[in-house]
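These notes are about the structure you will find just below.
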There are 2 protein chains.
Amino acid sequence: MKYSTSKENYIKAIYHLEQEDPVVSTNALARQLATKPASVTDMLKKLNEQELIHYEPYKGVKLTDSGNKLALQIIRKHRLWEFFLVEKLGFGWEEVHEIAEELEHISSKKLIDRLDEFLGKPKTDPHGDPIPDAAGIVPKIEKRCLLDLPIGVSADLISVSNQSADMLDLLRHHQIEIGTRLKITNRFRFDHSLQITVQGGPPVTISEQLAAHLYVAWAKDETD
Amino acid sequence: MKYSTSKENYIKAIYHLEQEDPVVSTNALARQLATKPASVTDMLKKLNEQELIHYEPYKGVKLTDSGNKLALQIIRKHRLWEFFLVEKLGFGWEEVHEIAEELEHISSKKLIDRLDEFLGKPKTDPHGDPIPDAAGIVPKIEKRCLLDLPIGVSADLISVSNQSADMLDLLRHHQIEIGTRLKITNRFRFDHSLQITVQGGPPVTISEQLAAHLYVAWAKDETD
DNA sequence: ATTTTTTTTTAGATTCGCCTAAAATTTATC
DNA sequence: GATAAATTTTAGGCGAATCTAAAAAAAAAT
Ligand SMILES: [Mn+2]
Ligand SMILES: [Mn+2]
Ligand SMILES: [Mn+2]
Ligand SMILES: [Mn+2]
């Protein structure tokens, strides 16, 4: 059960795309992996051979159970390494994705379980995404998009669904990070922008695009 | 300046073989890398193109300055990761080589410098081998083979030149590890075996083969 | 100085992951 | 329902890294 870096990247990409749409298209994969559709088709045939995916020409692709298991192992490694890089080595959360993209392919199972232990078995990575455990179980994290937060209700930032340097730069400008308490004080119909308070500070305005990538947790009956 | 894992493994192997013999043969490389001489010749041509080595057909191979620099960077990564695995994750020193063989190819320079910092800038890896610094300077470690230690002189084990599980198993059986104090109490002409004391304990006998792989440090004038 | 042996290189193939260009199929539009 | 557009697959090829078998060169032995 040892797969190439390339195959592992395909499996992980299919896993992520399945979250949006349960059947993944060749083009979507090509876009995600920055490769060409023809190359994707080639690879899908091989992954199908190895029973990591269900694939029929023109019909799109789905992970098999073993494909899913593999995807979760890779994601576990990715997120644990990201946590290590931020918590132990002091990297910024926008720098770690690229490095973890390499580290996630280190094969030793023992390594990753020891690392997990060393890090104190964290539940989420620096971007707030859940870390699957050794058995591949993903901790369920209750979160809703900031866009859906009612006015006047306080909530904590749990995760961000975009990790580009530009996006994280903007967050840093607003002094928002994972764990920061947010409250919507006003909504503007025209552009759907939001006025919010950050950590109880003065109100600031953020765009709908930004808010769409912020996920928060709040108790439903909690008023403040 | 980004090279494939395979090329990096060749460069590192050439570096190590150069320590024995300044001009490295195709066969020696094939043996070291567990590959075929024909494959080595192919690769030597490419490394020569990229000016990592000096290579002329039938004349053997040597690293260029940039090849040497690259080798030291890879060795630095390898040994820092080994240190991390033993000191932070609690691996045994016989388990780490294989994992480090993968980790040494992770490309981020910033990662390795942060790791170095995090580990407290160690001077040697778990096998006692020196760790090159960020500039590629290898700390000089004074050591001599245990075979050359005079009878009755105490010395500390500094490094081992063989890291096979079998060898480390034997060392563990004798309760010898890096830092252990050894003293030769007798030499036997017949098979060149040695009688030694370990950490001042009762005398035990070790073979010439084992002793040849043990390197110790002792002050020349130190009698005990 | 030949001959034999060993080492090294060349020739030709294979697998992997990728590409472009063209063909096939599906989906959308009139 | 025919036609146009988009998606997907096939065909053919390429570079990297490997291999086996054969040829060439160097080293060792007689
Ligand atoms: Mn990756
Ligand atoms: Mn992440
Ligand atoms: Mn390696
Ligand atoms: Mn080592």
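So that the names make sense, note that chain A is the first sequence line, chain B the second, and so on, each numbered from 1.
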Could you state the [atom1]-[atom2] distance from [X] to [N], rounded to the nearest angstrom?
{"X": "B:Lys46", "N": "C:dT9", "atom1": "NZ", "atom2": "P", "value": "14 Å"}
{"X": "A:Lys45", "N": "D:dT8", "atom1": "NZ", "atom2": "P", "value": "15 Å"}
{"X": "B:Glu56", "N": "C:dT8", "atom1": "CD", "atom2": "C1'", "value": "14 Å"}
{"X": "A:Gln50", "N": "C:dG17", "atom1": "CD", "atom2": "C1'", "value": "13 Å"}
{"X": "A:Glu8", "N": "C:dG17", "atom1": "CD", "atom2": "P", "value": "11 Å"}
{"X": "A:Glu49", "N": "C:dT15", "atom1": "CD", "atom2": "C1'", "value": "14 Å"}
{"X": "B:Met43", "N": "C:dT8", "atom1": "CE", "atom2": "P", "value": "18 Å"}
{"X": "B:Asn48", "N": "C:dT8", "atom1": "CG", "atom2": "P", "value": "16 Å"}

[N] OP1/OP2 closer than 4.0 Å to side-chain N/O of [X]:
{"X": "B:Ser4", "N": "D:dA16", "result": "no"}
{"X": "A:Tyr58", "N": "C:dA23", "result": "no"}
{"X": "A:Tyr10", "N": "C:dC18", "result": "yes"}
{"X": "A:Ser25", "N": "D:dT7", "result": "no"}
{"X": "B:Thr35", "N": "D:dC19", "result": "yes"}
{"X": "A:Thr26", "N": "D:dT9", "result": "yes"}
{"X": "B:Asn27", "N": "C:dT6", "result": "no"}
{"X": "A:Ser39", "N": "C:dC19", "result": "yes"}

Practice item. For B:Pro37, report the nucleic acid contact type (base, sugar-phosphate, nothing); a contact means any heavy atom under 4.0 Å. Key: base

Review point. When we call it a touch if two heavy atoms are under 4.0 Å apart, what does B:Tyr55 touch: a base, just sugar-phosphate, or nothing?
Key: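 Counting heavy atoms under 4.0 Å across all strands, the contact made by B:Tyr55 is with sugar-phosphate only.
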
Review point. So, A:Glu82 versus A:His127: side-chain donor-acceptor pair below 3.5 Å or not?
Key: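 Short answer, yes.
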
Check your understanding: Closest to the A:Lys7 side chain: C:dT8, C:dG17, D:dA17?
Key ->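 Of all the options, the side chain of A:Lys7 is nearest to C:dG17.
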
Review point. If you take atom types as modelled and just measure distance, does the side chain of A:Asp42 reach the base of C:dC18 with a donor-acceptor pair under 3.5 Å?
Key: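 Looking at the base of C:dC18, it does pair with a donor or acceptor on the side chain of A:Asp42 (distance under 3.5 Å).
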
Exercise for review: Can you spot which of A:Val23, A:Leu29, A:Leu17 makes a side chain to side chain contact (heavy atoms under 4.5 Å, CB included) with A:Val61?
Suggested key: A:Leu29

Practice item. Check whether more than 12 heavy atoms from other residues, nucleotides or ligands sit under 6.0 Å from atom CG of B:Asp65, and answer yes or no. Key: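 Atom CG in B:Asp65 is not crowded, with 12 or fewer foreign heavy atoms closer than 6.0 Å.
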
Exercise for review: Hey, which sits more toward the 5' end of DNA chain C by its nearest nucleotide, B:Thr41 or A:Lys36?
Suggested key: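 Between the two, 5'-proximity favours B:Thr41.
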
Review point. Between A:Phe83 and A:Lys123, is there a cation-pi geometry (under 6.0 Å to ring centre, at most 45° from the normal)?
Key: no

Exercise for review: May I ask you to check if A:Arg144 and A:Tyr215 form a cation-pi contact, with NZ or CZ under 6.0 angstrom from the six-membered ring centre and within 45° of the axis?
Suggested key: no

